[in-house]
Engineer: 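Attaching a single structure in structure tokens format; questions to follow.
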Amino acid sequence: MMSSSTSTVPQDEPKRVVFDDPHGAAGNMQEAEVTRVRTLRGAWRWTLIVATAATILLCINQQFSLRLFVGYTQLNTEYFYLLIALMLPFTFLIFPGTGRAPLDRVPWYDLVLFVVTFAAAIILMVNVRKAAEAGWEFGGAPNTVIAAGLVMWVMLMEALRRTGGWSLLLSVLPFTVYPLFAEARWLGPFRGTQSTLEQATAYHVLSGESLLGIPIQAFADTVIGFLVFGTALMMTGAGKFFINLAFALCGTFRGGAAKVCIFASGLLGMMSGSIISNVLTAGTMTIPVMKKSGFRASYAAAIEACASTGAVLAPPVMGATAFVIAQFLNVSYADVALAAIIPAVLYYVGLFMQVDAYAARHKLKGIPRAELPRIMDTIKDGWYYVFVIALLIVMLLYFKRESHAPFYATALLLVLNQFFSKDTRWTFATIGKFLEVNGRTFVELVGILAGCGLLIGAFSMTGVVSSLANDLLHIAGDNAFLLLGMCALTSLILGLGLTTTACYIFLAILVAPALEKLGLNRMAVHMFIFYWGMLSSITPPVAIASFAAAGIAGSPAMKTGWESMWVGSIIYFLPFFFVLNPALVLQGSSPYLAGLGLMGLAAFGTLFICGGIQGYQPFVGDLRGTGSLEWPIRVLLVIGGFVVATPGGGIMPLSQMQVTLLGLGILLPTILIALLLVRRPPVMPDGLRVL
């Protein structure tokens with residue numbers, strides 16, 4: 001994982017360590033929660049490469065209006081079905097059907113599913129224009145289209161099972177068939193308008209509200225471009241640049257290896273948007289160094305899991321769910337990325353404070369400067385990444401061209417890489433690998449997003465969403481805090497069995513309307529759901545990020561999961577903050593000024609929360625010095641810090657000033673007592689104190 005620098009140094013100067021590219025030429029960009037996948041070889045590999053190239057070209061043609069189809073203007077629905085035809089069939093080749101299915105060859109039954117899925121998608125693509133003209137989604141579709149639609153429905157459910165596992169299939173399938181018996185009495189508040197099998201099939205596959213709805217629209221409009229950019233970034237050596245930069249900047253601080261982990265995983269995650277990819281790449285570098293620095297294995301793995309979880313929270317490139325949020329809210333992706341800035345900063349600040357307090361309590365030192373990469377050498381080797389990321393951010397936030405930005409940024413990156421990098425200069429073989437890596441990610445996302453789109457279609461068909469929102473409000477008694485608690489618990493439970501995107505779609509349909517009816521800000525509500533659904537990645541019993549990190553660290557998986565909850569505890573209450581005051585997601589009047597003020601208060605409160613959790617309070621010292629009062633003081637620090645960090649006003653009964661003063665009223669006497677106890681003179685054996 002590490003190689004010594006080959007630069008010539010004087011004999012008396014220690015050799016510096018240079019950290020190699022964690023992604024390598026393969027560009028590990030795994031999005032999957034299913035890790036048992038088949039590597040395609042020979043003709044099938046080249047088929048995937050060609051299909052991926054066609055997918056990217058179709059996307060460029062659609063987004064830039066290039067009109068590559070001479071004399072023919074492609075409808076969005078035709079474009080969506082072409083993408084599905086190109087990518088969805090490969091689900092059955094890449095993801096084996098069972099745990100015993102061979103990985104070194106493609107079985108005959110998977111080939112049959114490949115052909116059947118492709119044929120169904122082409123039939124629907126050919127007919128979708130006429131369906132829009134004749135209104136077939138509401139009835140009257142020919143039997144051929146209905147048959148193709150039924151086949152597509154079944155194939156989508158199997159694709160969901162293969163990409164997301166049985167838990168995802170069993171969560172989604174009942175809802176997709178729910179319109180067939182929507183008038184049943186036992187459904188209670190879920191009763192709605194019932195449809196026949198023919199009506200449900202036509203609506204699912206021909207309307208713009210189901211298979212061709214928000215998830216696939218997000219994939220086709222923006223996700224493809226950002227995945228292409230992320231893969232190109234990693235395959236030009238950006239991983240090595242970010243990790244070396246993190247070590248150069250943070251390595252010498254106390255607990256420096258863990259702070260490097262947070263910084264490096266944050267930087268990598270900003271570009272990849274994949275939690276598992278982050279753990280498997282940055283973790284292979286940072287976890288061994290943390291263990292060497294004195295961190296126990298489970299704690300080192302927990303830090304990496306929490307830092308990598310921020311990958312889907314940190315702009316400019318967030319996870320696929322962020323693009324679905326933009327489609328749900330009918331806003332630009334730039335608005336979602338902006339809203340995520342302050343929560344992401346607070347999350348990483350909280351992690352830094354946790355690690356600093358832990359390192360101080362356990363007297364863990366940093367890495368000697370002589371062993372770290374030089375800052376100037378690192379910047380000299382990768383300066384052009386800064387220009388590329390700057391271009392992406394400017395196009396996103398200033399020009400508001402989120403569908404174009406990643407393609408321009410990728411083009412600039414590849415040009416600069418070819419001119420200024422000898423080690424990572426692309427060849428024809430690299431291009432093939434680049435397309436293959438992208439193709440595998442596209443295939444998985446299409447399988448999950450298209451299948452989850454049927455959820456939206458089912459609830460749209462039955463018209464049950466508005467009545468369900470009223471029922472939830474009735475149950476909660478119009479109490480915003482109770483409804484938020486119910487939503488958080490439901491999100492966490494659903495997140496344990498679903499991918500983050502599927503969980504978000506469920507709750508955006510079922511719970512978000514009720515929260516919005518209470519007058520809560522829409523962006524804050526959807527970010528709240530997004531954050532809580534994502535928490536399953538560090539929350540046992542699933543805790544997929546924690547378990548992946550535990551595998552690298554060689555630590556017990558479940559112990560690492562509980563440690564991850566402890567280390568990442570700030571993320572459990574952070575979503576409540578930006579619902580209480582949407583200025584934290586840059587919404588409302590004067591959002592920037594108010595947001596910065598609230599961010600400062602939240603960071604100040606987090607300092608004491610982390611001090612209480614870890615047992616070391618900055619400017620006070622090790623709280624073990626308080627003797628028998630250690631735990632009461634730690635609890636009061638957490639409570640006081642939480643109160644200070646909590647926004648006042650809005651649905652809160654107290655104003656911001658009252659909340660802050662209450663928090664300080666708890667903190668000031670607690671800190672004063674802790675100071676007196678920690679700094680009192682030690683007791684001599686004869687009972688006297690040293691003066």
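Position 1 is the first residue of the sequence; numbering continues from there.
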Engineer: Who pairs with Tyr81 by side chain to side chain donor-acceptor pair (under 3.5 Å), at least two apart in sequence or on another chain?
Structural biologist: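 In terms of side chain to side chain donor-acceptor pair (under 3.5 Å), with neighbours along the sequence ignored, Tyr81 is linked to no residue.
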Engineer: Do Ser460 and Tyr203 get their side chains close enough for a donor-acceptor pair, meaning under 3.5 Å?
Structural biologist: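 Yes.
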Engineer: Would you confirm whether Tyr347, through its side chain, and Gly568, through its main-chain N or O, come within 3.5 Å as a donor-acceptor pair?
Structural biologist: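 Side chain of Tyr347 to backbone of Gly568: no pair is present.
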Engineer: For the residue pair Ile56 and Cys59, establish whether any side-chain heavy-atom pair is separated by less than 4.5 Å.
Structural biologist: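 A side-chain contact under 4.5 Å is absent here.
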Engineer: Could you work out, with side-chain contact (heavy atoms from CB on, under 4.5 Å) as the rule, every residue matching Thr144, not counting sequence neighbours?
Structural biologist: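 So Thr144 forms a side-chain contact (heavy atoms from CB on, under 4.5 Å) with Ile123.
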Engineer: Taking side chain to side chain donor-acceptor pair (under 3.5 Å) as the definition, give me every residue that meets it alongside Thr539, ordered by chain and number, with sequence neighbours left out.
Structural biologist: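 Residues passing side chain to side chain donor-acceptor pair (under 3.5 Å) with Thr539: Tyr572.
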Engineer: Mark yes or no for whether Arg38, through its side chain, and Pro96, through its backbone, hold a donor-acceptor pair below 3.5 Å.
Structural biologist: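 Not confirmed, Arg38 side chain does not pair with Pro96 backbone.
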Engineer: Does the side chain of Gln63 come within less than 4.5 Å of Ile224's, by heavy atoms?
Structural biologist: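 The answer is no; the side chains never approach within 4.5 Å.
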Engineer: If you look at every heavy atom in Leu169 and Pro174, which pair is closest and at what distance?
Structural biologist: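 Scanning both residues completely, I find the closest heavy atoms to be O-CD, 4.1 Å.
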Engineer: Who are the side-chain contact (heavy atoms from CB on, under 4.5 Å) partners of Thr196, not counting sequence neighbours?
Structural biologist: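 So Thr196 forms a side-chain contact (heavy atoms from CB on, under 4.5 Å) with Glu198, Gln199.
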Engineer: Could you give all pairs that pass the ring pair (Phe, Tyr, Trp, His ring centres under 6.0 Å) test and reach residues 312-343, with sequence neighbours left out?
Structural biologist: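 Sorted pair list: Phe226-Phe323, Phe226-Tyr333, Phe323-Tyr333, Phe328-Tyr504.
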Engineer: Between Asn438 and Thr441, does any side-chain donor sit less than 3.5 Å from a side-chain acceptor?
Structural biologist: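 Not at all, the side chains of Asn438 and Thr441 share no donor-acceptor pair under 3.5 Å.
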Engineer: Would you check if the side chain of Thr462 reaches a backbone N or O of Ala458 as a donor-acceptor pair within less than 3.5 Å?
Structural biologist: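 Here the side-chain-to-backbone pair exists.
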Engineer: Enumerate the salt bridge (charged side-chain N to carboxylate O under 4.0 Å, His left out) contacts for residues 119-145, please, sequence neighbours excluded, ordered by first and then second residue.
Structural biologist: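 Every pair satisfying salt bridge (charged side-chain N to carboxylate O under 4.0 Å, His left out) with a residue in residues 119-145: Glu78-Arg129.
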Engineer: Begin from the C-alpha positions of Thr91 and Thr163 and carry the test side chain to side chain contact (heavy atoms under 4.5 Å, CB included) through to its verdict.
Structural biologist: CA-CA 8 Å; Thr91 306; Thr163 53; 3.8 Å; yes
Engineer: Quick one: closest heavy-atom pair of Ala202 and Trp136, and the distance?
Structural biologist: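 Looking at all heavy atoms of both residues, the shortest contact is CB-O, 3.6 Å.
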Engineer: Can you check side chain to side chain contact (heavy atoms under 4.5 Å, CB included) on Leu156 and Leu88, steps first, answer last?
Structural biologist: CA-CA 8 Å; Leu156 282 171; Leu88 185 64; 3.8 Å; yes
Engineer: Could you report the tightest heavy-atom contact between Leu211 and Met152, atom names first, then the distance?
Structural biologist: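 Minimum heavy-atom separation between Leu211 and Met152: CD2-CG, 3.9 Å.
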Engineer: Would you mind reporting whether Leu48 and Leu93 have side-chain heavy atoms less than 4.5 Å apart?
Structural biologist: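 Not in contact.
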Engineer: Please give me the minimum heavy-atom distance between Arg440 and Leu40, naming the atom from each residue.
Structural biologist: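 Result for this residue pair: NH1-N, 4.2 Å.
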Engineer: Dump the intermediate steps for side chain to side chain contact (heavy atoms under 4.5 Å, CB included) on Ile571 and Leu313, then the final yes or no.
Structural biologist: CA-CA 11 Å; Ile571 204 172; Leu313 312 177; 3.6 Å; yes
Engineer: On a heavy-atom basis, which atom in Thr55 and which in Met87 lie closest, and how many Å separate them?
Structural biologist: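 So the minimum-distance heavy-atom pair works out to OG1-CE, 3.5 Å.
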Engineer: Are the side chain of Arg161 and the backbone N or O of Gly97 linked by a donor-acceptor pair below 3.5 Å?
Structural biologist: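 Yes, because the side chain of Arg161 sits within donor-acceptor range (under 3.5 Å) of the backbone of Gly97.
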Engineer: Quick check for you: to the nearest 0.5 Å, what is the distance between Ser546 atom OG and Met565 atom CE?
Structural biologist: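 One finds 9.5 Å between OG of Ser546 and CE of Met565.
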Engineer: List in chain and number order the residues that pass side-chain contact (heavy atoms from CB on, under 4.5 Å) with Met652, two or more places apart in sequence or in another chain; answer none if no residue qualifies.
Structural biologist: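 Only Phe481, Leu580, Thr646, Val659 meet the side-chain contact (heavy atoms from CB on, under 4.5 Å) criterion with Met652.
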Engineer: With side chains defined as the heavy atoms from C-beta onward, is the minimum distance between Val228 and Phe442 less than 4.5 Å?
Structural biologist: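 Yes. Closest side-chain heavy atoms under 4.5 Å.
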Engineer: Do Glu158 and Arg162 sit within salt-bridge range, that is, some charged N less than 4.0 Å from a carboxylate O?
Structural biologist: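 So Glu158 pairs with Arg162 through a salt bridge.
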Engineer: Would you mind reporting whether Tyr531 and Leu535 have side-chain heavy atoms less than 4.5 Å apart?
Structural biologist: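 Result no, sub-4.5 Å side-chain heavy-atom pair not found.
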Engineer: Could I get the full list of side-chain contact (heavy atoms from CB on, under 4.5 Å) partners for Ile341, not counting sequence neighbours?
Structural biologist: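 With sequence neighbours excluded, Ile341 shows a side-chain contact (heavy atoms from CB on, under 4.5 Å) to Pro315, Leu338, Val345, given in chain and number order.
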Engineer: First locate atom CG of Leu57, then atom OG1 of Thr52, and finally report the distance between them rounded to the nearest 0.5 Å.
Structural biologist: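 Answer rounded to 0.5 Å: 11.0 Å.
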Engineer: If we only count heavy atoms from C-beta on, is the Leu586 to Met523 side-chain gap below 4.5 Å?
Structural biologist: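 Leu586 does not reach Met523 side chain to side chain.
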Engineer: Once rounded to the nearest 0.5 Å, what's the spacing between atom CD1 of Ile94 and atom CG of Asp110?
Structural biologist: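 CG of Asp110 is found 11.0 Å from CD1 of Ile94.
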Engineer: Can you find a heavy atom in the side chain of Leu86 that is under 4.5 Å from one in the side chain of Leu58?
Structural biologist: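 Contact flag for Leu86/Leu58 side chains = yes.
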Engineer: Among Phe578, Phe577, Phe576, which one satisfies ring-ring contact (aromatic ring centres under 6.0 Å, His included) with Phe528?
Structural biologist: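 That would be Phe576.
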Engineer: With rounding to the nearest 0.5 Å, note down the distance linking CG in Leu515 to CG in Leu520.
Structural biologist: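 Separation between the atoms: 6.0 Å.
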Engineer: Scan residues 145-185 for pairs that pass ring pair (Phe, Tyr, Trp, His ring centres under 6.0 Å), counting only residues two or more places apart or in two chains.
Structural biologist: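 Counting only pairs at least two positions apart or across chains, the ring pair (Phe, Tyr, Trp, His ring centres under 6.0 Å) contacts touching residues 145-185 are Trp153-His204, Phe175-Phe459, Phe175-Phe506, Tyr178-Phe459, Phe181-Trp186.
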Engineer: In chain order, what residues pass the side chain to side chain donor-acceptor pair (under 3.5 Å) check against Thr321, with sequence neighbours excluded?
Structural biologist: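 Once residues adjacent in sequence are excluded, the partners of Thr321 under the side chain to side chain donor-acceptor pair (under 3.5 Å) criterion are Thr501.
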Engineer: Can Val336 and His526 be said to form a side chain to side chain contact (heavy atoms under 4.5 Å, CB included), step by step?
Structural biologist: CA-CA 10 Å; Val336 178; His526 284 258; over 6 Å; no
Engineer: Between Ser195 and Met461, which heavy-atom pair has the shortest distance, and what is it?
Structural biologist: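 Minimum heavy-atom contact is OG-SD, 3.9 Å.
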Engineer: Working to the nearest 0.5 angstrom, can you tell me the gap between Leu518 CG and Leu484 CG?
Structural biologist: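 Result: 8.0 Å between the selected atoms.
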Engineer: Could you give all pairs that pass the salt bridge (charged side-chain N to carboxylate O under 4.0 Å, His left out) test and reach residues 507-531, with sequence neighbours left out?
Structural biologist: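 Sorted result for residues 507-531: Glu516-Arg522.
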Engineer: What salt bridge (charged side-chain N to carboxylate O under 4.0 Å, His left out) pairs are there with at least one residue in residues 207-225, not counting sequence neighbours?
Structural biologist: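 Residue pairs passing salt bridge (charged side-chain N to carboxylate O under 4.0 Å, His left out), neighbours aside: none found.
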Engineer: Please confirm whether the backbone N or O of Ile214 pairs with a side-chain atom of Gln327, one donor and one acceptor, at under 3.5 Å?
Structural biologist: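 No, because the side chain of Gln327 does not come within donor-acceptor range (under 3.5 Å) of the backbone of Ile214.
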Engineer: Measuring from atom CG of Leu212 to atom CD1 of Ile84, what distance do you get when rounded to the nearest 0.5 angstrom?
Structural biologist: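 Interatomic distance, Leu212 CG to Ile84 CD1, rounded to 0.5 Å: 5.5 Å.
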Engineer: Should Phe90 and Thr47 count as side-chain neighbours, where that means a heavy-atom distance under 4.5 Å?
Structural biologist: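 Result yes, sub-4.5 Å side-chain heavy-atom pair found.
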